[in-house]
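Here the structure is laid out as structure tokens; the discussion comes afterwards.
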Amino acid sequence: MTRFIFITGGVVSSLGKGLASASLASLLQARGYTVRLCKLDPYLNVDPGTMSPFQHGEVFVTDDGAETDLDFGHYERFTGVPAKATDNTTTGRIYTSVLQRERRGEYLGATIQVIPHITNEIQDFIREKEGSADFVLCEIGGTVGDIESLPFLEAIRQFGNDVGRDRAIFIHVTLLPYIPAAGELKTKPTQHSVKELMSYGIRPQILLCRADREITDAERCKIALFCNLDEKKVIPALDVSSIYEVPLTYHAEGLDVQVMESFGLEDNIDLDLSKWEKIAETIKAPEGDVTIAIVGKYTNLADSYKSLNEALIHGGIANKVKVNLKFIEAEIFESEDPEVYLSGVNGIIVPGGFGDRGVEGKILAAQYAREKKIPYFGICYGMQMAVIEAARNLCAIKGAASSEFKVCDVPVIGLMTEWVQGDEKQERGKDGDLGGTMRLGAYPAVLAKGSKVAEIYGTKNISERHRHRYEVNTNYIEQLEKGGLKFSGMSPDGMLPEIVEYEDHPWFIGVQFHPELKSKPFDPHPLFISFIAAAVENGRLV
Ligand code: GLN
């Protein structure tokens with residue numbers, strides 16, 4: 001029997017509902033249950049694929065090629081359960097599906113309304129998860145009180161009513177702000193938020209109260225009284241120094257026990273959280289540190305590279321070091337000497353990216369890393385930049401560029417219009433929907449015998465997630481290899497270059513995919529373990 005946990009948020013956005021959901025899921029796993037996490041997003045975009053990472057943070061890609069919200073990254077990193085395209089929906093997708101059905105006449109002439117048609121469509125999304133896990137945790141994006149999330153709240157109310165209290169509970173994540181003049185945490189916004197939720201017919205069984213300091217018993221009592229709850233169901237969720245401590249602190253505050261109790265389930269398990277304890281301890285007491293430069297765009301919003309930042313932390317955990325990140329806006333190198341910014345760093349990453357801005361700076365960063373023998377990790381766009389750099393500076397192909405650039409004389413990186421996935425031929429055109437022209441999701445690659453990547457992965461066949469439109473133009477492979485750049489990973493049909501590396505460099509690897517999406521704190525990605533190890537080595541040499 002599947003049980004459902006709905007997680008809503010109140011008072012303000014950015015409370016870390018995604019992390020809360022992921023952490024609770026990991027505690028349920030530690031109790032021996034299977035879990036599935038899903039999310040309802042109230043915005044009108046069909047998916048976050050076309051949204052600016054500047055506004056929305058990174059786009060997380062699943063194995064089956066869905067472009068999702070970055071919370072799915074948290075879900076996977078905390079539970080190890082690969083997310084699926086069917087785990088996420090948005091208002092845009094719900095409406096699209098209802099309107100398509102209306103056009104096909106499937107509603108038999110009925111007047112189409114938010115209730116029941118939209119709310120039924122939302123419930124179908126939830127109901128479809130039945131039987132897929134012991135617990136389905138469903139996060140509702142947005143903040144209670146927003147107009148946008150109303151149909152979702154109505155849908156989960158109806159759903160909860162339908163399946164009954166022993167199969168569906170509601171957890172509300174709120175904020176207790178500290179007011180310095182009063183010297184106390186304020187409970188009023190939480191009271192109002194719960195009142196608002198109750199006005200929609202939803203009574204939360206558990207409150208997770210975010211606060212930047214200890215919540216006193218008196219404050220907890222007050223919230224319990226005003227919100228109709230047992231005090232034990234008002235759970236403090238205080239700020240912690242590392243997100244990987246969250247499962248431990250939630251457990252210490254009794255969250256999982258209260259969830260069991262709310263479902264009327266027995267609580268006779270001694271939880272083994274040693275996996276999380278080990279991670280938290282390693283993060284707290286590193287044996288050294290390294291500094292990694294991330295030369296990209298959007299670097300003023302760390303969320304745009306969320307999974308990358310986390311994967312680097314994971315690489316740090318594996319090497320028992322703290323990883324300091326130095327974000328550098330690539331455009332700077334177009335007017336200033338990279339040396340000034342890069343001379344002290346132990347490793348350089350050029351991450352994924354789109355568009356023209358800052359590309360020359362990224363190419364210069366790749367050149368600097370190659371010439372100065374600093375570990376270089378090129379991810380997707382960063383790999384393409386390394387290829388262009390090699391074409392220009394090692395193979396004397398003047399004007400080498402990507403057809404994504406405004407000016408491109410020689411398309412060393414270009415648009416491939418066809419490729420094969422499984423037995424199926426796929427196509428993309430320059431004029432297609434922006435959301436539909438990318439190579440998305442997991443694709444296999446074969447690693448060259450004796451290459452550095454083959455050694456790092458310890459296997460010949462890999463599968464990694466992609467999200468890009470352009471590919472290395474295979475017409476230039478021979479020339480580039482003569483120049484010294486080795487193509488050490490290719491798609492199984494040999495058509496699509498996947499990995500490049502230099503043999504005469506301590507660590508220079510470019511990958512067409514996004515390895516950061518699959519890294520976990522308890523299972524760091526081999527490329528990140530190896531890259532951070534190389535950075536540690538670089539630090540020793542300096
Ligand atoms: N802009 C490049 C492309 O579309 C790289 C994309 C990426 O880095 N994710 O191919």
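When a ligand or atom number is given, it counts from 1 through the structure's own listing order. Quick caveat, the model's predicted, so the values are computed rather than measured. Side-chain atoms are counted along with the backbone in the values below, which use heavy atoms only and exclude waters and symmetry mates.
Residue pairs that meet the salt bridge (Lys or Arg N to Asp or Glu O under 4.0 Å) test with at least one member in residues 386-409, sequence neighbours left out, are D356-K406, E360-R392, R370-E389.
Applying salt bridge (charged side-chain N to carboxylate O under 4.0 Å, His left out) to E76 and the options K518, R465, K84 leaves one that passes, R465.
Under the 6.0 Å distance and 45° angle rule, K460 does not count as a cation-pi partner of Y457. For the pair R439 and Y443, the cation-pi test (distance below 6.0 Å, angle within 45°) is passed.
Under the salt bridge (charged side-chain N to carboxylate O under 4.0 Å, His left out) criterion, K372 pairs with E339, not counting sequence neighbours. With sequence neighbours left out, F487 forms a ring pair (Phe, Tyr, Trp, His ring centres under 6.0 Å) with no residue at all.
Protein residues with any heavy atom under 4.0 Å from ligand 1: G352, G353, F354, C380, Y381, Q384, E404, R467, H468, R469, Y470, H514.
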